[in-house]
Amino acid sequence: MSLPETCSGTPAPAATTTVPIGGLATAHGSWRLRTFLGSCVGLALYDRRLQLGGLAHVVLPDSSGNGSPPGKYADTAVVALVAELAASAGSQTLRLTARLVGGAKMFAFQSGPAVGDQNVEALEKFLKLADIPIIARDCGGSHGRRMTLDISSGQITIESVGNAPKQL
């Protein structure tokens with residue numbers, strides 16, 4: 001499928017969906033999914049062959065049985081995102097890869113294990129159980145990030161204050 005064109009014949013910009021805290025979204029083709037992260041972790045799942053991907057904004061590592069909304073917790077986000085992507089793929093087999101972004105320690109006064117580290121560890125565990133390889137990550141530090149997944153290319157752009165945008 002080709003990108004929509006503007007009146008001048010040049011490709012139109014991709015539409016962007018912002019994923020809220022604890023939310024998740026999937027898309028295919030010429031879309032972008034974006035979220036803003038601090039200690040939360042952005043989980044991107046992507047199938048390059050199908051140009052199909054999804055993004056979850058994970059807030060906490062474990063739902064403790066309260067899995068609503070499913071994107072909020074590491075243990076439910078992986079399952080829910082895979083289910084939505086599988087529904088979009090229909091009868092086609094998914095070949096998903098994962099990328100993780102975020103998990104910053106936003107406040108110097110935090111003691112004990114940082115929630116961002118716990119989120120990353122939990123996602124690593126659940127992705128391993130789902131047999132989805134993590135191919136890249138940009139986690140930790142003490143700064144927030146804006147994460148954008150370009151569905152048509154699979155490219156992730158990470159932006160943060162005072163730093164040049166980088167590709168993941």
Side-chain angles (χ1 to χ4, degrees), residues 13-28 31-48 52-85 96-130 132-168:
T16 301
T17 296
T18 299
V19 178
I21 295 171
L24 59 83
T26 62
H28 71 281
W31 281 86
R32 290 185 306 226
L33 301 175
R34 173 182 292 159
T35 197
F36 300 90
L37 304 160
S39 60
C40 299
V41 177
L43 165 63
L45 297 182
Y46 188 70
D47 185 313
R48 181 170 305 282
L52 177 64
L55 182 61
H57 184 122
V58 177
V59 180
L60 296 168
D62 188 323
S63 67
S64 299
N66 176 23
S68 183
K72 183 175 182 178
Y73 307 97
D75 62 334
T76 56
V78 173
V79 173
L81 205 49
V82 170
E84 284 199 24
L85 292 167
L96 296 173
T97 57
R99 286 173 277 176
L100 305 176
V101 175
K105 186 172 184 179
M106 297 298 293
F107 307 104
F109 60 83
Q110 287 177 314
S111 63
V115 70
D117 293 339
Q118 294 175 47
N119 287 335
V120 171
E121 288 174 19
L123 284 167
E124 290 171 341
K125 172 185 164 186
F126 293 112
L127 289 166
K128 184 174 183 176
L129 288 172
I132 299 172
I134 299 169
I135 61 169
R137 66 183 79 217
D138 184 63
C139 299
S142 59
H143 60 281
R145 300 163 172 92
R146 179 168 64 183
M147 171 188 190
T148 304
L149 169 61
D150 183 321
I151 299 296
S152 64
S153 68
Q155 189 70 52
I156 289 181
T157 302
I158 302 165
E159 300 168 280
S160 60
V161 175
N163 295 308
K166 66 179 178 177
Q167 307 298 311
L168 183 65

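Summarising the geometry of A104 relative to R145, their closest heavy-atom pair is CB-NH1, 4.0 Å, with the distance given to 0.1 Å. Across every non-hydrogen atom of A98 and L45, the tightest pair is CB-CD2, 3.6 Å. Here the closest non-hydrogen pair linking T76 and S63 is CG2-OG, 3.9 Å. When all heavy atoms are compared, the tightest approach of A25 to V19 is CB-CG2, 3.8 Å. Across all their heavy atoms, P61 and V115 have their closest contact at CD-CG2, 4.3 Å. Smallest separation of non-hydrogen atoms from M147 and A44: CE-CB, 3.7 Å.
Residues L85 and D47 fail the side-chain proximity criterion, which asks for heavy atoms closer than 4.5 Å. At a threshold of 4.5 Å between non-hydrogen side-chain atoms, the residues V120 and R137 count as touching. Side-chain atoms of F126 and V79, non-hydrogen and from C-beta on, never get closer than 4.5 Å to each other. Counting only heavy atoms from C-beta outward, the side chains of V78 and L129 never approach each other to under 4.5 Å.
We find the CD1-OH distance between I151 and Y46 to be 6.5 Å, quoted to the nearest 0.5 Å. Once rounded to the nearest 0.5 Å, the distance linking CD1 of I156 with CD1 of I135 reads 8.0 Å. Rounded to the nearest 0.5 angstrom, R146 CZ and T35 OG1 are separated by 11.0 Å. Note that OG1 of T148 is 5.5 Å distant from CD of E159, once rounded to the nearest 0.5 Å. For the atom pair H57 NE2 and L43 CG, the distance stands at 12.0 Å (nearest 0.5 Å). With rounding to the nearest 0.5 angstrom, the CG atom of L149 is 5.5 Å from the CG atom of L33.
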**Request:** Go through the steps to decide whether I134 and E124 satisfy the test side chain to side chain contact (heavy atoms under 4.5 Å, CB included), and finish with yes or no.
**Result:** CA-CA 8 Å; I134 299 169; E124 290 171 341; 3.8 Å; yes
**Request:** List the steps and the verdict of side chain to side chain donor-acceptor pair (under 3.5 Å) for S64 and N66.
**Result:** CA-CA 6 Å; S64 299; N66 176 23; over 6 Å; no
**Message:** side chain to side chain contact (heavy atoms under 4.5 Å, CB included), that's the test. Do L81 and L96 meet it? Break it down for me.
**Reply:** CA-CA 11 Å; L81 205 49; L96 296 173; over 6 Å; no
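Within 6.0 Å of CG on L168 lie more than 12 heavy atoms contributed by other residues, nucleotides or ligands.
Remark: the backbone N or O of T18 is not paired with any side-chain donor or acceptor of R32 at under 3.5 angstrom.
Here the rule is side chain to side chain contact (heavy atoms under 4.5 Å, CB included) with L100, and of V58, D138, N119, L127 only L127 fits it.
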